[in-house]
Amino acid sequence: MLYLTRKVGDSVVIDDNIEVTVVEVRGKTVKLGFTFPEDVQVLRRELYDRIQEENRSASASADLVHQLGQVANAVADNMKNSPDADKDDGKD
């Protein structure tokens with residue numbers, strides 16, 4: 001992690017296209033201003049973490065559904081290939 005000391009009005013530039021400016025300091029609170037391209041996504045950490053967790057949960061659910069589908073397909077294939085599958089039970 002990089003630590004910098006900046007005063008109100010001072011800025012830092014990240015990757016030639018993102019500028020972060022110290023707008024105000026009030027007690028333990030710092031107000032920052034950001035200038036960045038429209039295609040860059042900026043999120044508060046707590047929101048970013050929540051989105052990542054929801055994505056992990058959705059992915060785990062999708063994986064479970066996929067695995068259940070594979071099991072169902074295997075069972076269906078097993079039933080089709082079973083020696084008893086072709087027997088005539090005489091109930092016509």
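On a predicted model such as this, the values are computed, not experimentally measured, just so you know.
- Using a 4.5 Å cut-off between side-chain heavy atoms of Ile, Leu, Val, Met, Phe, Trp and Tyr, with links allowed through other members, Phe34 and Val25 fall into the same hydrophobic cluster.
- By the 4.0 Å N-to-carboxylate-O rule, Glu53 lies too far from Arg50 to be salt-bridged with it.
- Among residues two or more places apart in sequence or in another chain, the salt bridge (charged side-chain N to carboxylate O under 4.0 Å, His left out) test is passed with Glu38 by none.
- With contacts defined as side-chain heavy-atom distances shorter than 4.5 Å, the pair Thr35/Ile18 does not qualify.
- Heavy atoms only, all atoms of each residue included: Val30 and Leu32 are closest at CG1-CD2, 3.7 Å.
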request  = Determine, stepwise, if the pair Val42 / Phe36 fulfils side chain to side chain contact (heavy atoms under 4.5 Å, CB included).
outcome  = CA-CA 9 Å; Val42 178; Phe36 52 90; 3.8 Å; yes

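- Interatomic distance, Leu43 CG to Gln52 CD, rounded to the nearest 0.5 Å: 9.0 Å.
- When the shell of 6.0 Å around CZ of Arg56 is examined, it contains more than 12 heavy atoms from other residues, nucleotides or ligands.
- Val22 approaches Lys7 most closely through the heavy-atom pair CB-O, 3.5 Å.
- Val23 and Val8 make their closest contact through O-CG1, 3.3 Å (heavy atoms, listed as atom of the first residue, atom of the second, distance).
- Cluster annotation: Leu4 is not connected to Val13 through the hydrophobic network of ILVMFWY side chains, with a link wherever side-chain heavy atoms come within less than 4.5 Å.
- Between Arg6 and Val12 there is a side-chain heavy-atom pair separated by less than 4.5 Å.
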